[in-house]
Amino acid sequence: MDLDALKAARQKGLQKLLPDRPRVAVGLATCGIAAGGDRVYAALEAAIRDRGLDMELAKVGCIGYCREEPLVNIQIPGKPCVILHRVTEADAEEIVRAVAAGDVPRRLALCRVETWDPLVGEKLDFGTGFDDIPAYADIPYFAPQRKIVLRDAGFINPEDIDEYFAVGGYRALYKALTEMTPEAVIDEVIASGLRGRGGAGFPTGTKWNFTKVEKSLRKYIICNADEGDPGAYMNRNEMESDPHMILEGMLIGAYAIGAREGIIYVRAEYPLAIARLTRAMEEARAHGLLGKNIFGTDFSFELTLAEGAGAFVCGEETALIASIEGKTGRPRPRPPFPAQKGLWGMPTNINNVETWTNIPVIISRGGDWFAGIGAEKNTGTKVYSLVGEVQRVGLVEVPLGTPIRTLVYDVGNGGIDGRDIKAVQTGGPSGGCIPASLFDTPMDYEHLTAVGSIMGSGGVVVMDETTSMVDTARFFIGFTHEESCGKCAPCREGLKHMLMILDKILSGKATRENLDLLEELSGTIKKTSLCGLGQTAPNPVLTTLKYFRNEYDATLKGAK
Amino acid sequence: MTQVIIDGKPCAAEEGETLLVVARREGIDIPAFCFEESLASYGACRMCLVEVVKGARPGITTSCTLQAADGLEVLTETPEITGLRKALIELYLAQAPRAESIKALARRYGVEKTRFARKVVKEDPLQNRCILCGLCVRVCGEIMGAGAINYIGRGQFTEINTPFYEENEACMGCGACAEVCPTGAIALEDRTDTRVMKSWSETKVPLARCAACGTFFAPVPFTRYAHEKLDPGILDALKDLCPACRSKAAARKAILLKKEGVIPPEPELQA
């Protein structure tokens, strides 16, 4: 493939993405399918066929508004793209009839999108009209959001590389390979200030350099897609809605680091993500974007996919490497870090899915552009899965540094049935519970740590006044206890005893001494565990003890 | 050579040497259960915590995974470290209530009892002494090359035994597992002509009988392994002798030489 071929592919993709006849596209990520999207798709297909209508029916990923699913995009040439929500099979007839007449059913319309900016390519102009339908930017759920990682999600067909070309796909790779040295690529990523989105927040460009400077015949890069936090599905949607963005990010990273082989490690519980990534890799290979001499340069790269076997701890990088090597998924002490001794003993760079997806836009728009988004030392956006006792649940992308309040009240519209929100839990099972009184806290790596929680991979679980915080803490300790690999004693034994004490507390039989022991043990586990899982596992207990001690006290023997 | 400072004492060390080894050589007794010099550091028991005061990564870390480097300065018994060790000892006392070495360490640290629920399993093959340090698994797999035992399950449900809790012919009966076990959890018993690995699903290994004195002296598969891997040059006639008889045989080689021709004649010394 060369530049002309890339341009031609874009034109071909644009004809699919913006055809000269109506296009009906159903949001079919796992969430959309679960909400009945596949039945809607089948009903639409039948309705179009039965009437012999001249219109396209397509599958797209998910725009992230989980509560309103199934979502259907209607594109009529010259008109704005209209997103229909809560569509059922019964609506199919009405939809195709309206579309055939150049209209959309108003009662199903959520919003209209006149133009969409894919950031790395030319804007998509859908058209104008339908002024009575609210504009995308006026929808409270979308208004505070800034889509960078999810810019294509819900608009393009994730199973068609042509549509990725249409939104400027693989142009950043072309730029990196033909105009930039590997050092310049790393400098650009360093300038962007991008930090690892898997949770630890380590500067990505610096991390790449660690592997780059190692002298070795072979180096690897790995995409960590072993997303396992309860209630978190950022990476799943990133893979299901825009798999090529991950591939492009990895290709650019491999070029910068000097790796010729890469592996995407996906949990087996994500079959659709695996299918779409596999298809994306086949398409990329067919277009010469994987394999030898990519874009006619000296750069060659092979990518494979490895499936996880269900252990949460395999998201930890040394356990992940052990798992790929066919060993039991147990972490090992670092150093040596994977950058020195990783997969098969070779220098290895591991980044989370979302980290990789940020790379193409950084190369296309420049590190400075990226650094202008977000907050001090916390540049760019972060995708959160907003779930729990909040009205509007869904996948939300906002600049780093956005206050918790914005997420919970502006995007999420507060509690269900007018109930008061009590706390949010960020960062997955080893995150902390942050009380409503601290909702002005900016969501960035440092501020979340300061209040006793973590950024983690981006799970945000909202709890309202009906939620028992002791019960919440018990749930998360139950989870980490079950997922502890059992290698080091504090995590294996300590979490077991924490769980026993919490059960005692919940049964109303605990004493003050039990509570003190729980707190002391939490500190021990945090300070002495081998890996990140154990070191952060007590956070739900420590934060609920800090902010909601009264709920613990109320359960103690003799408290009533 | 480089110099590290442990508890204020300058100690000579090889660059990259394990700090725990350096400390022990200097007579500083840092407790550790999962460390064995012949194996790679594992970092699981967390007992050997030290505080790095000066070095690349200041803070509390395990000395079995810490490498000696110039200017490295550590403390091995700060109040915080002692507190953490005591807490870990309490966890071990609850996990392995019959382990004498844990009780001894508890006495050394002034831990009188554990505040955690003690786990006592009836008919535990590891005698309620196992703390899952993994030394047996690693020595069996990495040094003996047998891999007869491994972890079963995960997390708090982790156990160590043979696959499917069945007798395992991969076991050579060498007993290296019992030798390295820091808590004496592994039981084996020699019953006349058979070694019974009581902890490992009663795996039975035949014992070799000395051709000279008739005592049963070592497991047959282990002697075979030793002859093949460790001493391939050993004379056939010595293979069936117990260590005592082999010594005697060597001492009486002249007699053996004369009477039975066991040892080949040595070249005659020139006067």
Review point. Between B:P163 and B:N168, is any pair of side-chain heavy atoms under 4.5 Å apart?
Key: yes

**Study point:** Beyond-backbone contact of A:L518 with A:I505, side-chain heavy atoms, under 4.5 angstrom
**Key:** yes

Check your understanding: Is there any ring pair (Phe, Tyr, Trp, His ring centres under 6.0 Å) pair reaching into residues 54-81 of chain B, and which pairs are they, with sequence neighbours excluded?
Key -> none

Exercise for review: Could you look at B:L66 and say if it's the side chain, the backbone, both or neither that has a heavy atom under 4.5 Å from chain A?
Suggested key: neither

Check your understanding: Non-hydrogen atoms of chain B under 4.5 Å away: do they reach the side chain of A:L495, the backbone, both or neither?
Key -> neither

Practice item. Among B:C64, B:A40, B:A117, single out the residue with the greatest number of heavy-atom pairs under 4.5 Å to chain A. Key: B:A117

Review point. With side chains defined as the heavy atoms from C-beta onward, is the minimum distance between A:L530 and A:P333 less than 4.5 Å?
Key: yes

Review point. Counting only heavy atoms not in B:E202, do more than 12 sit closer than 6.0 Å to its CD atom?
Key: yes

Check your understanding: Between the side chains of B:D70 and B:T2, is a donor N or O closer than 3.5 angstrom to an acceptor N or O?
Key -> yes

Compile a table of inter-chain donor-acceptor pairs under 3.5 Å between chain B and chain A, counting both main-chain and side-chain atoms.
unit_1 : atom_1 : unit_2 : atom_2 : d
B:Y42  : O      : A:K487 : NZ     : 3.4
B:Y42  : OH     : A:R330 : NH1    : 3.0
B:A44  : O      : A:A489 : N      : 3.3
B:R46  : NE     : A:T528 : O      : 2.6
B:R46  : NH2    : A:S529 : O      : 3.3
B:E80  : OE2    : A:K527 : NZ     : 3.3
B:Q95  : OE1    : A:R492 : NH2    : 3.4
B:Q95  : NE2    : A:E493 : OE2    : 3.1
B:R115 : NH1    : A:E520 : OE1    : 3.0
B:R115 : NH2    : A:E520 : OE1    : 3.3
B:R115 : NH2    : A:E520 : OE2    : 2.8
B:I131 : O      : A:R492 : NH2    : 3.1
B:R154 : NH1    : A:E483 : OE1    : 3.4
B:R154 : NH2    : A:E482 : O      : 3.3
B:R154 : NH2    : A:E483 : OE1    : 3.0
B:G155 : N      : A:S484 : O      : 3.2
B:G155 : N      : A:C485 : O      : 3.1
B:Q156 : OE1    : A:H481 : NE2    : 2.4

Check your understanding: In terms of heavy-atom pairs under 4.5 Å with chain B, which of A:G523, A:C485, A:P335 leads?
Key -> A:C485

Review point. Is there a side-chain contact between A:L515 and A:L545, using heavy atoms and a 4.5 Å cut-off?
Key: yes

Check your understanding: Which residue pairs pass the ring pair (Phe, Tyr, Trp, His ring centres under 6.0 Å) test with at least one member in residues 157-188 of chain B, sequence neighbours excluded?
Key -> none

Check your understanding: Counting a contact as any heavy-atom pair under 4.5 Å apart, which residues of residues 20-38 of chain B contact chain A?
Key -> none

**Study point:** Euclidean distance, B:F222 CZ relative to B:M144 CE, rounded to 0.5 Å
**Key:** 4.5 Å

Review point. Do the side chains of B:C140 and B:W200 get nearer than 4.5 Å, heavy atoms only?
Key: no

Check your understanding: Is chain A contacted by the side chain of B:L49, its backbone, both, or neither, given a heavy-atom distance below 4.5 Å?
Key -> side chain

Check your understanding: So, the side chain of B:S199 versus the backbone of B:P125: is there a donor-acceptor pair under 3.5 Å, distance only?
Key -> yes

Check your understanding: For B:A94, is it the side chain, the backbone, both, or neither that has a heavy atom closer than 4.5 Å to a heavy atom of chain A?
Key -> side chain

Review point. Below 4.5 Å, heavy atoms only, C-beta onward: do A:I350 and A:I321 meet side chain to side chain?
Key: yes

